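Since the structure comes first, as structure tokens, the remarks are kept for the end.
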Amino acid sequence: MDKAYSPAAIESRIYARWESLEAFKPSGVGPAYSIVIPPPNVTGTLHMGHAFQDTVMDALIRHRRMEGFDTLWQPGTDHAGIATQMVVERQLNAQGTGRVELGRETFVERVWDWKRHSGDTISRQMRRLGASVDWSRDRFTMDPALSHAVTEVFVRLYREGLIYRGKRLVNWDPVLKTALSDLEVVAEPEQGHLWHLRYPLADGSGHLVVATTRPETMLGDVAVAVHPDDERYRALVGRRVRLPLADREIPVIADAYVDPAFGSGCVKITPAHDFNDYEVGERHGLPRINVLTPEAKLTDEAPARYRGLDRFEARARIVADLEAEGLLERVEAHQSMVPRGDRSHTILEPLLTDQWFVRIAPLADPAIRAVEDGRIRFVPEGWAGVYFDWMRNIKDWCISRQLWWGHRIPAWYDETGRVYVGRDERDARSAGGLGSEVRLRQDEDVLDTWFSSALWPFSTQGWPDATREMSVYYPTNVLVTGFDIIFFWVARMIMMGLKFTGEVPFREVYVHGLIRDHDGQKMSKSKGNVIDPLDIVDGVDLDALIAKRTAGLMQPQMKPAIERATRKQFPQGIPAFGTDALRLSFASLATQSRDLRFDMARVEGYRNFCNKLWNAARYVLANEESAADGGEIELGIADRWIRSRLAATLARVEAGFDGYRLDAVASALYEFTWHEYCDWYVESTKTVLQAPDASAAQKRGARRTLVDTLETLLRALHPLAPFITEEIWQRVRGEPAGSSATIMRAPYPRAAEIAADPEAEREMHWVMQFVLGVRQIRGEMDIAPSRRLPVVLQNAGPGDVAYLDRNAKTLQRLAGIDAPRVLAAGEAAPVAAVALLGSLEILVPMAGLIDPAAERERLEKRRRRAEADLQKLRAKAANVEFARNAPPEIVAKDAARIVELETEIGQLERQAARVRALLAG
RNA sequence: GGGUGCUUAGCUCAGCUGGAAGAGCGUCGCCUUUACACGGCGAAGGUCGGGGGUUCGAUCCCCUCAGCACCCA
């Protein structure tokens, strides 16, 4: 084995071997355990969030697979309607052409080309990350089978009356020229204006003042509303005002929606361009006047001089015209929430259009109950509240999009505009009782991408057919997802799953935090702070990193700042840390926090951990039992201790997996590996293996324990660090090489299989405290590790003597001391630095080694600490309420601790006195 | 405006049902000890955001204030 672990050399080879062994496929035996991957955009690349999420899912899957479950991790990708269409359109624009020029059929073919062209980037990245998905079942939301499921769901919902078509006010994106659902709207605070407009009363007896942030919509006003209880305007209700510029008369109405405290207390009502006004209009039977085209230009409903103007031009013109007529009362600066499209980022307009909707309430109710009654459990639980709040106020879902890339809506129209829905045109015809002579044209629109995503847990398993997959792997066990798509995706999967399969789509939802950069910023291309996870795996030099971060920026002026920040944060670029180091880092981030700050120093730490493990393995292999070396084995204290510690560690690991706390899993294994196995156990074996007088049985005990513990540890670590564990395991497992065995199928270790050994833990604790005491003296006195120290023991009890006898060699080696001499009763102790171990005093004679003044300082410091503790405990013990109310074991523990501290202080004082005497003499 | 989460060592974060404050990184010493300098050994560093309450006892429970983040309107 190489002296340093080099991941690049082994990772690809190991992954290829797993694939050739078909190790990712469900075993077909044991209870099922399944997870569907949240499908990433088929033409995208994996970002840090994906890599984190994939690591979590892979760890869960590998863990269950090793536990003997029939595991399926279902992979796949999403067609990502708007996002993908935008990318391809941008490419076409760069080539001087466009979507419309190509026509629908050619355009869609181009998108498929692009999908094929970029489609394997994601699978390549996932392979590099070690994802053990079953590639043979890779699915895409627009595969024929999945499209079939989409159509089936649409038709069934329609025939049940749960999908309807109608002219409704929807969020309209004038750039993409499509409707959006409520969820795709991001409202952002923006500094704008509030225009106060005068609307003259029709009888010429004065005017009302209305305030608006969108004056251009006034052309579509159909009323002015006041609050019914507003005394100021009570007399005006029912009268009419003349709408300026449009020269129409509109009524003054009363509606409780109006906030009397806002502006003048009068509100213009524009049902065709505002959601609240739409409802007011419904209540009062008002007409809807649409003054905006799909491009957000003014329609023919507007007075001639505004027709065809862009919305913002029109705004300026209208304000100017009102001012000229003396109808602009005032303008004030005003911050308002402006709705923008989450993709185009343009300002959206509420627009009356014909769209398809899902009637959601009948689907939402069962979905709410499934979480209420625990058939679905959110982890952490708090997210269930977020889910309930949204679900209980849910609005009908606008599912039609005026795009070309996606699932075409299975609806046809005859020449009169009547609609026929069916699985295909023939089905639609027969459902509508139409003969072949009637000409039909299919609806031009496609479905919201999330409509197909909502079916993912069962559409990937062959639904609507009653497949074996549906019966075995559905419902899935857990959905692993970020909180940002609880509404978009999780809620809709629950609704659709219950509706069409009668079962929940998953039993648990593990909601993790979102990966942010070191400063807590969201990682985004525009901020220039993204990191390609594979750049951490394989490394990247500074220039390449800067080039990646500054290429294709929407705001090229950001380039210098991004370059500067990148140079500052990664002056040397990023070294190759390997997949396992990255995965361990992700695991350690999997706390319950919402924001997960990614810190490269952590990856470096785990890279070092991998190297530590690698080198421990080198040591173990160098000391392996030879095949012929059968026979008696004898376990020493350290051997028994490390086995017992392994059991305790595995218990922590099990608790971690149970609670989706991979951070706890990672730290339990990290601490065991480094601070127990390497720091103490491996070191202690050297005293046995390198001692000429140790028995063969003792040596065998140490060798066997070294290997057993390492082998078990590797299995325990495998779900988090699959590559290095496989590589080492192949060398230590003691089976013939070249077999098809893989650690992936080895049983996951269980705490219950290994006996705890409290006796060995107690004795080893004594040994460790002894060693630490001496080391502290050495460290604080700056004595070189190579300098062997003489040690004298004072006040040794029978237990101490027994421990000392059994562990003398270990103590000598680990503490770097000569054989300790036990002071006989009454024998004078040398002047020495002291370490305390219960009543035992471990003395290191000063004799030229130790500066008495430094030792005096050290004793003083320790005494001060002990006294501070003692005072607190005494005060507590003196409180009668404490004795009365606290549990007896706590009272007893405190009392014992008081005795300990008193003894310790006494010892420290005696030592200090001797050192002082020495200094004085 | 309504809601949720966060505030613990210089930095990034753990801390289970309330019972002697932890890790990693960084810092400071000593050290080429034959698994590992991607290392070993030792050390320093915290009035657990402020205030109040409950309790024998609060980082943990309750109230309140402040700051930060996010969601909804």
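So you know, we letter chains A, B, ... as the sequences are listed, proteins then strands, and number each from 1. Predicted, not measured: the structure shown is a model, and the values here were computed from it.
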**Asked** OP1 or OP2 of B:rG15 sitting under 4.0 Å from any side-chain N/O of A:R661?
**Response** yes
**Asked** Whole Å only: how far is the CG atom of A:D663 from the P atom of B:rA14?
**Response** 7 Å
**Asked** A:R392 near the nucleic acid: base, sugar-phosphate alone, or nothing, with a heavy-atom cut-off under 4.0 Å?
**Response** nothing
**Request:** Write down the distance separating the P atoms in B:rG49 and B:rA21, rounded off to the nearest Å.
**Result:** 15 Å
**Message:** Which nucleotide, if any, forms a Watson-Crick or G-U wobble pair with B:rA35, using both distances under 3.5 Å?
**Reply:** none
**Prompt:** 5'-most contact on RNA chain B: A:K861 or A:Q592, nearest heavy atom basis?
**Reply:** A:Q592
**Asked** Of the nucleotides B:rA14, B:rG40, B:rA44, which has the atom closest to the A:D679 side chain?
**Response** B:rG40
**Message:** Under the side chain to side chain contact (heavy atoms under 4.5 Å, CB included) test against A:V791, which residue among A:L811, A:L843, A:I817, A:I777 passes?
**Reply:** A:I817
**Item:** Residue A:Q871 excluded, over 12 heavy atoms near CD under 6.0 Å
**Value:** no
**Prompt:** For the pair made of NZ in A:K872 and P in B:rA58, what is the distance, rounded to whole Å?
**Reply:** 12 Å
**Length of the CH2-C1' vector between A:W674 and B:rA37, whole Å** = 11 Å
**Request:** For the pair A:N611 (side chain) and A:Y5 (backbone), establish whether a donor and an acceptor sit closer than 3.5 Å, ignoring hydrogens and angles.
**Result:** yes
**Request:** Please say whether more than 12 non-hydrogen atoms of neighbouring residues, nucleotides or ligands are located less than 6.0 Å from CZ in A:R787.
**Result:** no
**Message:** Nearest to the side chain of A:F483, heavy atoms from C-beta on, is which of B:rC70, B:rG42, B:rC31?
**Reply:** B:rC70
**Asked** Would you say A:T685's side chain and A:V682's backbone share a donor-acceptor pair under 3.5 angstrom?
**Response** yes
**Asked** Which part of the nucleic acid, if any, lies within contact of A:N879, taking any heavy atom under 4.0 Å across all strands shown: a base, the sugar-phosphate backbone alone, or nothing?
**Response** sugar-phosphate
**Prompt:** Ring centroid separation for A:W674 and A:Y670, is it under 6.0 angstrom?
**Reply:** yes
**Item:** C1' gap between B:rU12 and B:rG26, integer Å
**Value:** 11 Å
**Item:** Value in whole Å for how far the C1' atom of B:rC11 lies from CG of A:D519
**Value:** 11 Å
**Request:** Using a 4.0 Å heavy-atom cut-off across all strands, classify A:L589 as base, sugar-phosphate, or nothing.
**Result:** nothing
**Asked** Can you tell me if the side-chain N/O atoms of A:K893 get under 4.0 Å from OP1 or OP2 in B:rA20?
**Response** yes
**Request:** Look at A:K876 and B:rG19 and indicate whether a side-chain polar atom (N or O) is within less than 4.0 Å of OP1 or OP2.
**Result:** no
**Request:** Once you apply the 3.5 Å cut-off to both distances, tell me the Watson-Crick or G-U wobble partner of B:rC6, or none.
**Result:** B:rG67
**Item:** Distance, rounded to the nearest Å, where A:R516 contributes CZ and B:rA69 contributes P
**Value:** 10 Å
**Prompt:** OP1 or OP2 of B:rA14 sitting under 4.0 Å from any side-chain N/O of A:T591?
**Reply:** yes
**Message:** Taking any heavy-atom pair under 4.0 Å as a contact, classify A:C610: base, sugar-phosphate, or nothing.
**Reply:** nothing
**Message:** Tell me the interatomic distance from A:E683, atom CD, to B:rA35, atom C1', rounded to whole angstroms.
**Reply:** 9 Å
**Nearest-neighbour nucleotide for the A:E780 side chain, B:rG42, B:rC36, B:rU33 considered** = B:rG42
**Request:** Indicate whether OP1 or OP2 belonging to B:rC36 is found under 4.0 Å from a side-chain N or O atom of A:N608.
**Result:** no
**Request:** Taking only the side-chain nitrogens and oxygens of A:R607, find out if one of them lies under 4.0 Å from OP1 or OP2 of B:rC38.
**Result:** no
**Prompt:** Between B:rG18 and B:rG52, how far is it from one P atom to the other, in whole Å?
**Reply:** 23 Å
**Interatomic distance at P, B:rC30 relative to B:rU8, whole Å** = 33 Å
**Request:** With a 3.5 angstrom cut-off on both distances, give the Watson-Crick or G-U wobble partner of B:rC30, or none if there isn't one.
**Result:** B:rG40
**Request:** Using the C1' atom as the reference point in each nucleotide, state the distance between B:rC16 and B:rA69 in Å, no decimals.
**Result:** 26 Å
**Item:** d(CG, A:L514; C1', B:rG5) in whole Å
**Value:** 13 Å
**Asked** Between B:rC41 and A:H675, is there an OP1 or OP2 to side-chain N/O distance shorter than 4.0 Å?
**Response** no
**Prompt:** Can you tell me how far C1' in B:rG29 sits from the matching atom in B:rA44, rounded to whole Å?
**Reply:** 10 Å
**Prompt:** Is a side-chain N or O of A:N615 found less than 3.5 angstrom from the main chain of A:K3, in a donor-acceptor match?
**Reply:** yes
**Message:** So A:S593, base contact, sugar-phosphate only, or nothing? Heavy-atom distance under 4.0 Å.
**Reply:** sugar-phosphate
**Prompt:** OP1, OP2 of B:rC41 versus side-chain N and O of A:Q776: anything below 4.0 Å?
**Reply:** no
**Asked** Mind checking whether A:F275 and A:N171 have side chains closer than 4.5 Å, heavy atoms only?
**Response** yes
**Request:** Could you work out the separation of B:rG46 and B:rC13 based on their C1' atoms and round it to a whole Å?
**Result:** 15 Å
**Request:** Side chain of A:P785 only, please: which of B:rA44, B:rU33, B:rC13 is the nearest?
**Result:** B:rU33
**Message:** Using the P atom as the point on both nucleotides, what is the distance between B:rU47 and B:rG10, in whole Å?
**Reply:** 8 Å
**Item:** Heavy-atom donor-acceptor pair, A:T212 side chain to A:R214 backbone, under 3.5 Å
**Value:** yes
**Fill in**
Which of B:rU12, B:rA35, B:rC56 is nearest the side chain of A:A616? It is B:rA35
**Message:** Judged by each residue's nearest nucleotide on RNA chain B, which is more toward the 5′ side, A:I783 or A:W383?
**Reply:** A:W383
**Request:** Run the ring-centre check on A:F52 versus A:H512 and record whether the distance is less than 6.0 Å.
**Result:** yes
**Item:** Spacing between A:D894 atom CG and B:rA20 atom P, to the nearest angstrom
**Value:** 8 Å
**Request:** Kindly say if A:K686 contacts the phosphate of B:rU34, meaning a side-chain N or O under 4.0 Å from OP1 or OP2.
**Result:** no
**Message:** Under 4.0 Å from OP1 or OP2 of B:rC56: is there any side-chain N or O of A:N885 that close?
**Reply:** yes
**Request:** Report yes if a side-chain nitrogen or oxygen of A:R594 is closer than 4.0 Å to either non-bridging phosphate oxygen (OP1 or OP2) of B:rU4; otherwise report no.
**Result:** no
**Prompt:** For the side chain of A:D595, counting heavy atoms from C-beta on, which of B:rA73, B:rA69, B:rC38 is nearest?
**Reply:** B:rA69
**Message:** Quick check on B:rG42: is either OP1 or OP2 less than 4.0 Å from any side-chain nitrogen or oxygen of A:R775?
**Reply:** yes
**Fill in**
From the candidates B:rG40, B:rC71, B:rA20, the one with an atom nearest any side-chain atom of A:R897 is B:rA20
**Asked** Taking any strand in view, what nucleotide pairs with B:rG18 in a Watson-Crick or G-U wobble way, both distances under 3.5 Å?
**Response** none
**Item:** Identity of whatever pairs with B:rC60 - Watson-Crick or G-U, under 3.5 angstrom
**Value:** none
**Request:** Look at the side chain of A:K612 against the base of B:rC36 and say whether a donor-acceptor pair falls under 3.5 Å; ignore hydrogens and angles.
**Result:** yes
